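Report on the structure given below.
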Amino acid sequence: MDKSIKAAVALVVAGMAVAASAQEVVKIGTMSPLSGPQAHYGKDNVTGVRFAVEDLNTQGVTIGGKKIKFEVVAEDDAADPKQGTAAAQKLCDDKVAAVAGILNSGVAIPSSKIFNDCGVPFITGAATNPELTRPGYPGVFRIIANDNALGAALAGYAADTLKLKNVAVIDDRTAYGQGLANVFKKDAGAKGVNIVASEFTNDKATDFMAILTSIKAKKPDAIFYGGMDAQAGPMLRQMVQLGMTNVKFFGGDGICTAELAKLATGTKTLGNVVCADGGASLAKMPGGTEWKKRYDAKNPGVFQVYSPYFYDATMLIVDAMKRADSTDPKKYLPELRKSEYNGVTAKIAFQENGELKVPLYTLSHYIDGKKTPIGE
C-alpha cells in the first residue's frame, strides 16, 4: 500500500473515532410494576417511555455538541415499596440522567427521597398522592392531577349531579387508595353526603363478599373504592351476586382503565361505574388522538391510562436538556423547573412544589363495556 493510500485510510479511521467519541449515551430510567396483578399498568407506562425514546432517537438529538443516543433502563417495582426503593437505588447506581416512572404512590413517595439524595430528577405521570410533593424536593415533579383534585371531582359529581345521600367507602390501605378515599370522604361529607360505612381490604385481595354483605345492610346509594382495577373488577362481579346491581360504584384513576371492562365484562354493575382520570380525555388532549393511533399501531393492546403521560415526561426531560445544552442533571434541572412544554397531554408548567400549574381531570363511565368520558 503506497503512502497516500495509507494516509487516506488513517484519516478515515481517525474520522470514525472522532464521530464515535462525539456520540453520548444517555440513560432514562423508569420503574413500574412489571409483575403481579398491576403489570398491565406497568407495561403501558414503560412502553410510553420507550415510545418517546424511539421518537427521540429517530430525531437525532444533539446536546452539548454531541449526538445523543437515549437508552431506557427499566426496573420492576412490583407495586411494592420495599422492592421499589431497591429499584430506585439501582437506577441511581446505573447513573441514569432522569427517571420518568412509577405508578403507585406508596412506591413513589419513599423512592422520591432516594432520587433526591442521588441528584436524579424524577417525574411521575401516575402517582397521585399529594404527599409526594410535600417535602419540596427540587427534582420531583408530577404531570397529572393529584388526589385532591380527583377526590373533590368525584365527591362533587356524587353530591351535586347524582344527588346521592348515602355512600359506603372501601380502600386498599395503600398510600394511593387510602389517600384518595380520605379526600372523597372529607369532600363528600362537606357536601352533606352520609358516609354509611368505612371498610378496608388490601391490594392483593380478590374476595370481598364479607365486606360487601356488611355494606349491603347499610343500603348505600353508592360505593366508593380507593384502589386499583385488579380488585375493583372482582368487587363488581360480587356485587352482582349479592343483588347490588343498582348501587353506583365510584373510584379514581386506578380503576379507570380498559382492563376494568375486561375484569367485569358482562356485569350490570360495570355500567354503574363513575371514575376519574387526572387529565384530559384522549380526545381533548392537544395531541392525544394522533399519538394514540401511532402508539396502538406500534404497541397493539398495551394501552391502559398513563402511557401518554410517561411519554410526555420523557420528552419534557429531554426538552430541558436541550434548553440547558447539557445532559447533566445539575445543569438541566433549573430549565426543567421553568418548563412551558406543549406536550401530548397538555401544556406542562409547574408550581414551585413540582405540581402542575393547571391540573385537569376527566370523569368517565362505561357504555356497552367501553370507557367513555361523561358528556362526550
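This one's a predicted model, so the numbers in the text were calculated from it and none came from an experiment.
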- Query: Got a sec: does the CD of Glu340 have more than 12 other heavy atoms crowding it under 6.0 Å?
  - Reply: no
So does [Y] get a backbone contact from the side chain of [X], meaning a donor-acceptor N/O pair under 3.5 Å?
X: Asp76; Y: Leu34; value: yes
X: Asp368; Y: Lys370; value: no
X: Tyr176; Y: Gly254; value: yes
X: Tyr225; Y: Ile255; value: no
X: Asn129; Y: Ala175; value: yes
X: Ser339; Y: Tyr341; value: no
X: Arg134; Y: Asn353; value: no
X: Thr58; Y: Glu54; value: yes
X: Asp325; Y: Gly64; value: yes
X: Thr245; Y: Val240; value: no

So, do [X] and [Y] sit near enough that their side-chain heavy atoms are less than 4.5 Å apart?
X: Phe224; Y: Lys185; value: no
X: Met244; Y: Thr269; value: no
X: Pro373; Y: Leu363; value: no
X: Ser32; Y: Tyr306; value: no
X: Asn57; Y: Phe70; value: yes
X: Pro138; Y: Arg337; value: yes
X: Phe350; Y: Leu316; value: yes
X: Leu356; Y: Arg142; value: no

Looking at [atom1] of [X] and [atom2] of [Y], how far apart are the two atoms once the value is rounded to the nearest 0.5 Å?
X: Leu242; Y: Ile215; atom1: CG; atom2: CD1; answer: 10.5 Å
X: Lys248; Y: Asn272; atom1: NZ; atom2: CG; answer: 5.5 Å
X: Asn104; Y: Asp77; atom1: CG; atom2: CG; answer: 6.0 Å
X: Leu56; Y: Lys69; atom1: CG; atom2: NZ; answer: 13.5 Å
X: Leu360; Y: Met285; atom1: CG; atom2: CE; answer: 9.0 Å
X: Asp94; Y: Lys27; atom1: CG; atom2: NZ; answer: 5.0 Å

Between [X] and [Y], what is the shortest heavy-atom contact and its length?
X: Ala159; Y: Val193; result: CB-CG2, 3.7 Å
X: Ala149; Y: Ala145; result: CB-CB, 4.0 Å
X: Lys67; Y: Gly60; result: CE-CA, 4.3 Å
X: Asp253; Y: Ala126; result: OD2-O, 3.9 Å
X: Ile317; Y: Val99; result: CD1-O, 4.3 Å

So, [X] versus [Y]: side-chain donor-acceptor pair below 3.5 Å or not?
X: Asp55; Y: Tyr311; result: yes
X: Gln178; Y: Asn182; result: no
X: Thr362; Y: Asp277; result: no
X: Thr345; Y: Asp312; result: yes
X: Asp229; Y: Gln304; result: no
X: Asn166; Y: Asn194; result: yes
X: Thr30; Y: Arg50; result: no
X: Gln231; Y: Thr201; result: no

Quick one: do [X] and [Y] end up in the same hydrophobic cluster if we chain Ile, Leu, Val, Met, Phe, Trp and Tyr together by side-chain heavy atoms under 4.5 Å apart?
X: Met31; Y: Leu103; answer: no
X: Ile109; Y: Tyr137; answer: yes
X: Met235; Y: Leu154; answer: no
X: Leu150; Y: Phe249; answer: no
X: Ile143; Y: Leu132; answer: no

- Message: Applying side chain to side chain contact (heavy atoms under 4.5 Å, CB included) to Asp203 and Met228, what does each step give before you reach the verdict?
- Response: CA-CA 7 Å; Asp203 62 349; Met228 310 299 277; 5.7 Å; no
- Task: For the pair Val26 and Met321, evaluate side chain to side chain contact (heavy atoms under 4.5 Å, CB included) and give the outcome as yes or no after the intermediate values.
- Result: CA-CA 11 Å; Val26 174; Met321 289 177 175; 4.0 Å; yes
- Task: Decide yes or no on side-chain hydrogen bond (donor to acceptor under 3.5 Å, both in side chains) for Thr47 and Asn299, but give the supporting numbers first.
- Result: CA-CA 8 Å; Thr47 303; Asn299 310 285; 5.0 Å; no
- Item | Derivation of the side chain to side chain contact (heavy atoms under 4.5 Å, CB included) call for Phe208 and Ile170 | CA-CA 10 Å; Phe208 309 101; Ile170 308 170; over 6 Å; no
- Task: Quick one: sort the Trp291 and Phe51 rings into parallel, tilted or perpendicular, breaks at 30° and 60°.
- Result: perpendicular
- Check the pair Asp44, Ser307 against side-chain hydrogen bond (donor to acceptor under 3.5 Å, both in side chains), reporting the backbone distance first and the verdict last. CA-CA 6 Å; Asp44 185 39; Ser307 48; 2.8 Å; yes
- Query: Arg323 and Asp319: side chain to side chain contact (heavy atoms under 4.5 Å, CB included), yes or no, with the steps?
  - Reply: CA-CA 6 Å; Arg323 287 184 284 115; Asp319 179 70; 3.0 Å; yes
